[in-house]
Structure formats: C-alpha cells, structure tokens
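Heads up, the thing below is written out as structure tokens.
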Amino acid sequence: MTQQTTDYGALLRDALTASTRTDNVLPLLVDGLLVLAIGACTLGICAPAMLRGYTAMCLRVARGETVSVGESFRGFEHFGSTLLTGLLVVAVAIVLSVLPLIGTGAGLVLGTWVWCVHVDRPDLGPVETFKASLAIVRDHLVDTLVLWLVTAGLGALLTVTVVGPVLAFAYGTVLTALLYRRWSF
C-alpha cells in the first residue's frame, strides 16, 4: 500500500469541527466521561465494551452523522469479543513492557486501530482484529505516531483542568475515526 501524505493541519481542523458540531458536543463529552468513569470503576473490565461503543459513535461523527448520549453502551452488545480483544491489547503491552523505555507504549501503539476495526468488521476474532490493527500501523506508521503525539500532548496540556482528560479523549477518538475513515477500510 502506498503511503499518502496527510495534511495534519486540515485533519486537526476537521476533527475540531466534527467534535464541536452542536448536535455532537454533549454526547461526545458525556459518553467520554462515562467511558473513562465506568472503565475505571470496573477496574477495566467494562472498558473494552465502552471503548468499542464510543469508537462506533466517533466513526459516525466522522461520517457527519449525529450521535446521542448513551450510544457508547452499545459496545456491550459485543461484550465477549470486546473483552477478549481488550485483554489481547493489554497482554501485548505487558509482554512488550520488557523492552526498556518503549515497550508498553509500543504495545499500545500497535493496538491503535483495534476498536475501529472491531466496529467495521465485527465478524473478526480478537487475534484477526489485532492483526488488522498491526497492518494499519505498518502501512500508516507516521500518521499513527502523530495521532498518539497529538492526543498525548493535548491530554498533558489539558490534564490540569477538571474536564481536560475527557476533552482530550473525545478529540483523540474523533481524530482516530477521521484518519481511519480517510483510508477507506
């Protein structure tokens, strides 16, 4: 696959426009808070299902559709497969954590596209979903790294505010969905 040049300025503007569209602001923020809170309160057990549901919301936002509060709970319709997929991503991150400095981060980067693939291709099992994410990372490594840097930078900048982590999560997930949709998978 040929790597296309990404106009990051336009991508960041598009993500901001999509994220702040009047109809979508409240659902993205409320569900973003729900994903983070429920994931933390259940010690991560419900996080994969919530992440899948939230990613589905963000993919709809990337298509210009309107979303509503509570859509992230739809990820529970696929609870078993999302839990196994989430455990696989965590296992890869743990195994790679033996590599000094980059291990865990590398594992998480490799799983960047897992939830987008899981939403688009629910017929795939956890291993196939992870392999598809690996292929996307391989084909779009620079874009994947820029996505992580932007999201992490925004998170670090906004972490001093009460709603900062939710804003960074919402924006980062919409940005992920926009990139994924541009590649037409």
Side-chain angles (χ1 to χ4, degrees), residues 1 3-6 8-9 11-12 15-16 19 32-33 35-55 58-59 62 72 75 81-120 124-161 163-183 185:
M1 178 178 277
Q3 176 81 7
Q4 297 176 347
T5 304
T6 301
Y8 295 112
L11 178 65
L12 296 173
L16 184 61
S19 300
L33 179 61
V35 169
L36 296 175
I38 291 171
C41 290
T42 62
L43 303 176
I45 293 170
C46 292
M50 295 296 290
L51 287 168
R52 185 199 192 282
Y54 194 77
T55 300
C58 291
L59 285 167
S72 57
S81 63
T82 60
L83 181 60
L84 291 174
T85 302
L87 288 172
L88 179 60
V89 172
V90 169
V92 169
I94 289 170
V95 168
L96 289 178
S97 71
V98 299
L99 297 174
L101 301 174
I102 63 165
T104 303
L108 295 174
V109 166
L110 296 175
T112 298
W113 308 104
V114 161
W115 302 117
C116 291
V117 172
H118 201 282
V119 169
D120 266 358
L124 294 180
V127 173
E128 293 82 14
T129 300
F130 194 83
K131 284 181 180 178
S133 179
L134 288 174
I136 296 169
V137 170
R138 182 191 65 235
D139 292 343
H140 302 281
L141 181 61
V142 172
D143 290 335
T144 302
L145 293 175
V146 168
L147 170 68
W148 273 90
L149 288 172
V150 167
T151 304
L154 187 60
L157 182 67
L158 295 177
T159 198
V160 297
T161 67
V163 297
V166 175
L167 291 172
F169 174 68
Y171 183 79
T173 309
V174 169
L175 187 60
T176 302
L178 280 170
L179 265 174
Y180 182 81
R181 298 264 315 138
R182 286 185 179 187
W183 298 324
F185 291 108

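Predicted model only: the values in this text are computed from it and were never measured.
- When Tyr180, Trp148, Trp183, Trp113 are each tested for a ring pair (Phe, Tyr, Trp, His ring centres under 6.0 Å) with His140, only one passes: Trp183.
- Between the Ser133 side chain and the Leu110 main chain, a donor and an acceptor come within less than 3.5 Å of each other.
- Residue pairs meeting the ring-ring contact (aromatic ring centres under 6.0 Å, His included) criterion with at least one partner in residues 85-106, sequence neighbours excluded, are absent.
- Listed by chain and residue number, nothing satisfies the side chain to side chain donor-acceptor pair (under 3.5 Å) test with Thr151 (two or more places apart in sequence, or in another chain).
- Closest approach of Leu96 to Ala106, counting heavy atoms only: CD1-C, 4.2 Å.
- Between the CG atom in Leu59 and the CG atom in Leu178 there is a gap of 9.0 Å [rounded to 0.5 Å].
- Within the 4.5 Å cutoff, the side chain of Trp115 has no heavy atoms near those of the Thr173 side chain.
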Audit row: Thr112, Val109, side-chain contact (heavy atoms from CB on, under 4.5 Å) steps and yes/no: CA-CA 5 Å; Thr112 298; Val109 166; 4.3 Å; yes
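- Looking at His118 and Ser81, their side chains do bring a donor and an acceptor atom within 3.5 Å of each other.
- Separation of atoms CG (Asp143) and CD1 (Ile136) is listed at 11.5 Å; rounding is to 0.5 Å.
- Residues satisfying the side chain to side chain contact (heavy atoms under 4.5 Å, CB included) test with Leu167, not counting sequence neighbours, are Leu29, Leu158, Val163.
- Shown here for Ala47 and Thr42, the closest heavy-atom pair between the two residues is N-OG1, 4.4 Å.
- Scanning both residues, Arg52 and Thr82, for their nearest heavy atoms gives CD-CG2, 3.2 Å.
- No side-chain heavy atom of Thr176 sits less than 4.5 Å from a side-chain heavy atom of Leu179.
- Nearest heavy atom pair, residue Val174 against residue Cys58, reads CG2-SG, 3.8 Å.
- Applying the side chain to side chain contact (heavy atoms under 4.5 Å, CB included) test to Leu16 and every residue at least two apart in sequence or in another chain returns Thr20, Tyr171.
- Considering only residues two or more places apart in sequence or on other chains, Ala93 meets the side chain to side chain contact (heavy atoms under 4.5 Å, CB included) condition with Thr104, Leu108.
- Annotation: the span from Thr85 atom OG1 to Leu51 atom CG amounts to 11.5 Å, rounded to 0.5 Å.
- Closest of all the heavy-atom pairs between Thr161 and Pro165 is O-CD, 3.8 Å.
- By the side chain to side chain contact (heavy atoms under 4.5 Å, CB included) test, Leu36 is found to be paired with Val166, Phe169, residues two or more places apart in sequence or in another chain being considered.
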